[in-house]
A.B. asks: 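Supplied in structure tokens, the structure appears directly below.
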Amino acid sequence: MTKKRAGTWFGEKVKLDGYTFDSQKEAAFYQRFIKESGYKFDVHKSCRLHPIIEMCNKMLRLRSSNYTPDFVLYNKDGSIAHVIDVKNSFNTTYAIDAAASLRFKMFAYKYKVPVEVVVHRVKSFRVKVLGSTKKFEPVAKTNFTYTIDELVDEVMNTDKGD
């Protein structure tokens with residue numbers, strides 16, 4: 001697929017419920033899994049990864065870096081429950097390039113919550129945490145009733161052959 005405009009590889013922007021989604025797939029994921037999840041959520045919330053870096057006696061300034069996940073879901077106490085990035089695939093550099101992988105790691109380092117990369121299916125989604133030191137195979141889910149700890153336990157126990 002050819003790139004239609006800067007920053008968008010797949011599809012056109014979609015407006016729904018006052019939000020602007022990057023693709024039809026992202027909007028469909030919102031409708032099916034986020035909207036009625038029971039969680040408070042943000043759509044495309046910008047998260048600061050690091051501030052402006054001043055160097056050379058403040059004569060040189062390097063820009064700050066931000067990461068904007070597709071969805072952030074919050075627990076009742078306001079803590080982050082899930083950070084979601086919707087992709088078309090886990091296996092292509094168009095879906096997840098080196099820069100995206102680095103942003104996921106920097107976010108996890110700063111906020112102590114991993115980014116859950118999801119691939120939307122009709123009635124479910126596959127979820128994976130990228131960049132872990134242990135093999136993390138995608139897991140099929142139909143809702144967000146799991147915690148990230150439960151997801152990791154499920155993956156690690158499956159990996160052991162349980």
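Since the model is a prediction, treat every value here as computed from it, not as a measurement.
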A.B. asks: Please report the closest heavy-atom contact between Ile52 and Arg61, naming both atoms and the distance.
C.D. replies: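 Looking at all heavy atoms of both residues, the closest pair is CD1-NH2, 2.8 Å.
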A.B. asks: Can you see which heavy atom on Cys47 is nearest to which on Pro69, and at what distance?
C.D. replies: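 Minimum heavy-atom contact is SG-CD, 4.2 Å.
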A.B. asks: For a side chain to side chain donor-acceptor pair (under 3.5 Å) with Thr145, tell me which candidate from Thr147, Thr142, Asn143 qualifies.
C.D. replies: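 Single pass found, and it is Asn143.
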A.B. asks: Is the side chain of Asp70 donor-acceptor paired with the backbone N or O of Val86 at a distance under 3.5 Å, no angle test?
C.D. replies: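 Judged by distance alone, yes, a pair lies under 3.5 Å.
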A.B. asks: Checking Lys112 side chain against Tyr109 main chain: does a donor-acceptor pair fall under 3.5 Å?
C.D. replies: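 Between the backbone of Tyr109 and the side chain of Lys112 there is a qualifying donor-acceptor contact (under 3.5 Å).
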A.B. asks: Say you draw a straight line from OG of Ser65 to CZ of Arg63; how long is it, rounded to the nearest 0.5 Å?
C.D. replies: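 The CZ atom of Arg63 is 10.5 Å from OG of Ser65, to the nearest 0.5 Å.
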A.B. asks: Between OG of Ser101 and CG of Leu130, what distance do you get to the nearest 0.5 Å?
C.D. replies: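 Spacing of OG (Ser101) from CG (Leu130) equals 5.5 Å.
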A.B. asks: Show your working on salt bridge (charged side-chain N to carboxylate O under 4.0 Å, His left out) between Glu26 and Lys87 and close with a plain yes or no.
C.D. replies: CA-CA 8 Å; Glu26 191 177 294; Lys87 299 293 184 189; over 6 Å; no
A.B. asks: Evaluate whether atom CD of Glu36 has more than 12 neighbouring non-hydrogen atoms of other residues, nucleotides or ligands under 6.0 angstrom away.
C.D. replies: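 No.
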A.B. asks: Answer yes if the ring centres of His82 and Tyr39 are under 6.0 angstrom apart, and no otherwise.
C.D. replies: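 Yes; Tyr39 has its ring centre under 6.0 Å from that of His82.
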A.B. asks: For residues Ala81 and Asn75, report the shortest heavy-atom separation together with the two atoms involved.
C.D. replies: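 So the minimum-distance heavy-atom pair works out to CB-OD1, 3.2 Å.
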A.B. asks: Measuring from atom CZ of Phe29 to atom OG of Ser23, what distance do you get when rounded to the nearest 0.5 angstrom?
C.D. replies: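 One gets 11.5 Å once the value is rounded to the nearest 0.5 Å.
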A.B. asks: I need the Ser124 OG to Arg32 CZ distance, nearest 0.5 Å.
C.D. replies: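 The OG atom of Ser124 sits 8.0 Å away from the CZ atom of Arg32.
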A.B. asks: Is the gap between the ring centers of Phe107 and Tyr67 under 6.0 Å?
C.D. replies: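 Ring centres of Tyr67 and Phe107 closer than 6.0 Å.
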A.B. asks: Measure across Phe136 and Ser132 and return the closest heavy-atom pair with its distance rounded to 0.1 Å.
C.D. replies: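 Closest approach of Phe136 to Ser132: CB-OG, 3.6 Å.
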A.B. asks: Is the backbone N or O of Lys45 less than 3.5 Å from a side-chain atom of Asp42, with the two atoms forming a donor-acceptor pair by type?
C.D. replies: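 No; judged by distance alone, with no hydrogens or angles, the pair does not exist.
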A.B. asks: Flag the pair Ile80 / Val72 as yes when at least one side-chain heavy-atom distance between them is below 4.5 Å, and no otherwise.
C.D. replies: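 In short, these two side chains touch, coming nearer than 4.5 Å.
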A.B. asks: Is there side-chain contact between Pro114 and Phe104, with heavy atoms separated by less than 4.5 Å?
C.D. replies: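 No, their side chains stay 4.5 Å or more apart.
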A.B. asks: Hydrophobic clustering (ILVMFWY, side-chain heavy atoms < 4.5 Å, transitive) - are Val117 and Leu102 grouped together?
C.D. replies: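 As far as the 4.5 Å side-chain criterion goes, Val117 and Leu102 are connected within one cluster.
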A.B. asks: Would Thr20 and Val14 count as a side chain to side chain contact (heavy atoms under 4.5 Å, CB included) if you check the C-alpha gap in whole Å, the side-chain angles of each, and the deciding distance to 0.1 Å?
C.D. replies: CA-CA 6 Å; Thr20 301; Val14 176; over 6 Å; no
A.B. asks: Can you check whether Phe41 and Phe144 have ring centres sitting under 6.0 Å from each other?
C.D. replies: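 Centroid distance Phe41-Phe144: not below 6.0 Å, so no.
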A.B. asks: Distance from Phe71 atom CZ to Glu116 atom CD, nearest 0.5 Å?
C.D. replies: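 If I round to the nearest 0.5 Å, the distance is 12.5 Å.
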A.B. asks: Whether the side chain of Arg121 engages the backbone of Arg126 through a donor-acceptor N/O pair (distance < 3.5 Å, no angle test) should be reported.
C.D. replies: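 Checking the backbone N and O of Arg126 against the side chain of Arg121, no donor-acceptor pair under 3.5 Å is found.
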A.B. asks: Between Asp17 (side chain) and Tyr19 (backbone), is there a donor-acceptor pair under 3.5 Å?
C.D. replies: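 It does not hold such a pair.
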A.B. asks: Tell me whether Lys15 forms a cation-pi arrangement with Phe21, defined as NZ or CZ under 6.0 Å from the six-membered ring centre and within 45 degrees of its axis.
C.D. replies: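 Not satisfied by the 6.0 Å and 45° rule.
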A.B. asks: Within a reach of under 6.0 Å around CG of Asn57, are more than 12 heavy atoms found that belong to other residues, nucleotides or ligands?
C.D. replies: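 At most 12 heavy atoms, drawn from other residues, nucleotides or ligands, come within 6.0 Å of this atom.
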A.B. asks: With side chain to side chain contact (heavy atoms under 4.5 Å, CB included) as the criterion, how do Asn66 and Arg103 come out once you've worked through the C-alpha distance, each side chain's angles and the decisive distance to 0.1 Å?
C.D. replies: CA-CA 8 Å; Asn66 295 320; Arg103 283 190 301 273; over 6 Å; no
A.B. asks: Going by heavy atoms in the side chains, are Val129 and Val115 under 4.5 Å from each other?
C.D. replies: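 A side-chain contact under 4.5 Å is absent here.
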A.B. asks: Would you call Met55 and Ile53 a side-chain contact if the rule is heavy atoms closer than 4.5 Å?
C.D. replies: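 Yes, their side chains come closer than 4.5 Å.
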A.B. asks: Answer with yes or no whether the hydrophobic clustering places Leu151 together with Met156; edges join I, L, V, M, F, W, Y residues whose side-chain heavy atoms lie under 4.5 Å apart.
C.D. replies: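 Shared cluster, yes.
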A.B. asks: Looking at CG of Leu49 and NZ of Lys105, how far apart are the two atoms once the value is rounded to the nearest 0.5 Å?
C.D. replies: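 Between Leu49 CG and Lys105 NZ, I get 13.5 Å after rounding to 0.5 Å.
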A.B. asks: Could you check whether Lys76 makes a cation-pi contact with Tyr74, meaning its NZ or CZ is under 6.0 Å from the centre of the six-membered ring and within 45° of the ring axis?
C.D. replies: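 Not flagged: Lys76 not positioned over aromatic ring of Tyr74.
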A.B. asks: Under 3.5 Å, is there a donor-acceptor pair between the side chain of Lys110 and the main chain of Arg48?
C.D. replies: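 Side chain of Lys110 to backbone of Arg48, a donor-acceptor pair under 3.5 Å: yes, one is there.
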A.B. asks: Quick one: closest heavy-atom pair of His50 and Ser64, and the distance?
C.D. replies: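 That would be O-CB, 3.1 Å.
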A.B. asks: Search all heavy atoms of Lys141 against all heavy atoms of Glu154 and return the closest pair with its distance.
C.D. replies: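 For Lys141 versus Glu154, the nearest heavy atoms are NZ-OE1, 2.7 Å.
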